[in-house]
Number of protein chains: 2
Amino acid sequence: MEITACHAAKGRPREFDTDSALTAALRVFWTKGYEGASLSDLTEAMGITRPSLYAAFGNKEALFRKTLDLYQREKLDYMGKALDAPTARGVAERLLTGALEMQMSSCDPKGCMGVINSVACGTEAESIRAEVLKRGATVKQGLIDRFERAKTEGDLPADTDVIGLTAYLTALLQGIALQAGGGTSCADLKALIDTSLSCWPSK
Amino acid sequence: MEITACHAAKGRPREFDTDSALTAALRVFWTKGYEGASLSDLTEAMGITRPSLYAAFGNKEALFRKTLDLYQREKLDYMGKALDAPTARGVAERLLTGALEMQMSSCDPKGCMGVINSVACGTEAESIRAEVLKRGATVKQGLIDRFERAKTEGDLPADTDVIGLTAYLTALLQGIALQAGGGTSCADLKALIDTSLSCWPSK
DNA sequence: TACATTATGTACCGGTCATTATGGAAATCA
DNA sequence: TGATTTCCATAATGACCGGTACATAATGTA
């Protein structure tokens, strides 16, 4: 039995909204990381009890993956759109400014959920780490493909090291998330992005 | 009473070497992070029992700070030396290649201990996080001062945004550590550094 | 030899973790 | 109404967490 939008449930209907509960869970994982978020943290933020959580989402790991989907869909959509920019520089511009705007948003936690959960922690979270790294690799591959295309289009010089350029841009984005999570001011972050763009190799 | 090299200890002598035990503990914290490293992990790696650990180092947090000192002294010395480079570009070169060499070393864990422990985790590690962030800020301030000097020396253009340039370089270093910890190959890391240096604004 | 001092190993402490069994209340269907 | 289904709340489970009593062993000094 799957979760459907229009449920024709037989018994007592669910008393909470799964979407808003998932959003609340996302905030917890976002700020505390997978292992740092306890079930008590989660249930309190979601406004439901433990059994309700397990009935609705499976377990902690499954809940995390669902919040990760939500995060990618709602908070990282600018990354997908960035690839549609007409030039490689446009892609970099959209990615950097998108990351900046995301960190400027005052209502969301700071830092990047992916970055937070990609660092090594306890053994129990090994599969979580692998999952996050896999998703990060997919994003990176999208960038590689885009820059490769830019090269064939003459948008990037023929001798461009696409792997290097991608790793370079990725490192900048990761560093931005890290510094934002570490409390660097918005002004400093903006200076970071400005410097990055002034350094960008292509016009 | 302090720990002295030539101990005139009264009682039973310690059966293990505190320095090598500390090195072993460093590896554990380095790979697993503060919270991911359990006392069982630590005592097993250090080859000592729990009470011996507490007698010699205080508690887990004090042990972590000692390993952090060791890490900074032995693994991050290239950062201090980098500031002695004659030009701003030389500083960046030494920092980037130093970070690369560190990640190429096959006998050490991947990633940066500071980066790993600067992301938010459970509430118990809040002071740890603050300590790591403080040390990172000190390093960053050293870079700012160095680039400010480069500006007065005419080594950097007068209109250089030193804050932005520092945050930019710091982001690159953090991104390198993150990608190294995430399993990026040495070849890709090298390409990252090469691209970064080719982008560096000053000669 | 006797004592003070320090380190050692064993075994344990209370607390928290994620997960689940239990039981009663409430909302749907026939 | 009665049957069914899912809800919520309580609390127990076993495992692990960081941190310690405790008695014992090994050194110094006297």
Side-chain angles (χ1 to χ4, degrees), chain A residues 1-4 6-18 20-21 24-25 28-29 32-67 117 121-129, chain B residues 1-22 25 28-29 32-67 117 121-129:
Chain A
M1 182 177 324
E2 277 302 311
I3 297 176
T4 57
C6 266
H7 63 1
K10 293 288 178 185
R12 175 176 176 175
R14 183 172 286 130
E15 292 186 1
F16 62 93
D17 180 39
T18 54
S20 58
V28 177
F29 281 129
K32 303 193 146 194
Y34 178 74
E35 294 196 305
S38 71
L39 278 185
S40 299
D41 294 330
L42 291 165
T43 53
E44 187 186 5
M46 299 165 83
I48 63 177
T49 61
R50 276 166 144 83
S52 299
L53 188 153
Y54 277 83
F57 301 104
N59 59 12
K60 187 183 179 184
E61 181 166 343
L63 174 64
F64 178 81
R65 287 177 201 272
K66 288 190 174 66
T67 63
N117 290 285
C121 280
T123 53
E124 62 160 319
E126 199 57 42
S127 65
I128 293 293
R129 186 170 120 89
Chain B
M1 184 176 318
E2 279 302 311
I3 296 175
T4 57
C6 266
H7 63 358
K10 294 288 177 183
R12 177 175 175 173
R14 183 169 286 129
E15 292 185 2
F16 62 93
D17 179 41
T18 55
D19 285 344
S20 58
L22 206 59
V28 177
F29 281 129
K32 304 193 143 196
Y34 177 73
E35 293 195 305
S38 71
L39 279 185
S40 299
D41 293 330
L42 291 165
T43 53
E44 186 186 3
M46 300 165 82
I48 64 178
T49 61
R50 270 168 152 81
S52 298
L53 189 154
Y54 277 81
F57 302 103
N59 59 10
K60 188 185 177 184
E61 180 165 345
L63 173 64
F64 178 81
R65 288 178 201 272
K66 288 189 173 67
T67 63
N117 290 285
C121 280
T123 52
E124 63 161 316
E126 200 56 42
S127 65
I128 292 293
R129 186 170 120 88

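Letters A, B, ... are given to chains in the order of the sequence lines, protein chains preceding strands, and every chain is numbered from 1. Computed from a predicted structure; not experimentally measured.
With C:dT8, D:dC17, C:dA18 as the candidates, the nucleotide lying closest to the side chain of A:Tyr54 is C:dA18. Listed candidates were C:dT19, D:dA26, C:dA18. Nearest to the side chain of A:Asn59 is C:dT19. Nearest to the side chain of A:Arg14, among D:dC7, D:dT27, D:dG18, sits D:dC7. Here the nucleotide nearest the side chain of A:Leu39, chosen from C:dT19, C:dT8, D:dC17, is C:dT19.
Residue-to-nucleotide proximity on DNA chain D shows that, of A:Ala55 and B:Glu124, the 5′-proximal contact is made by A:Ala55. The 5' end of DNA chain D is approached more closely, in terms of each residue's nearest nucleotide, by B:Glu61 than by the other of B:Glu15 and B:Glu61.
Between B:Arg50 and D:dG19 there is no side-chain polar atom (N or O) within less than 4.0 angstrom of OP1 or OP2. In this model, the phosphate group of C:dT8 is not approached by any side-chain N or O of B:Thr49 to a distance below 4.0 Å at OP1 or OP2. Contact check, B:Lys60 against D:dG18: a side-chain N or O comes under 4.0 Å of OP1 or OP2. When the side-chain nitrogen and oxygen atoms of A:Ser52 are compared with OP1 and OP2 of D:dC7, none of them lie within a distance under 4.0 Å. The shortest distance between the side-chain N/O atoms of B:Arg12 and the OP1/OP2 oxygens of D:dA25 is not below 4.0 Å.
By the 30° and 60° cut-offs, the orientation of the rings of A:Tyr34 relative to A:Phe29 is parallel.
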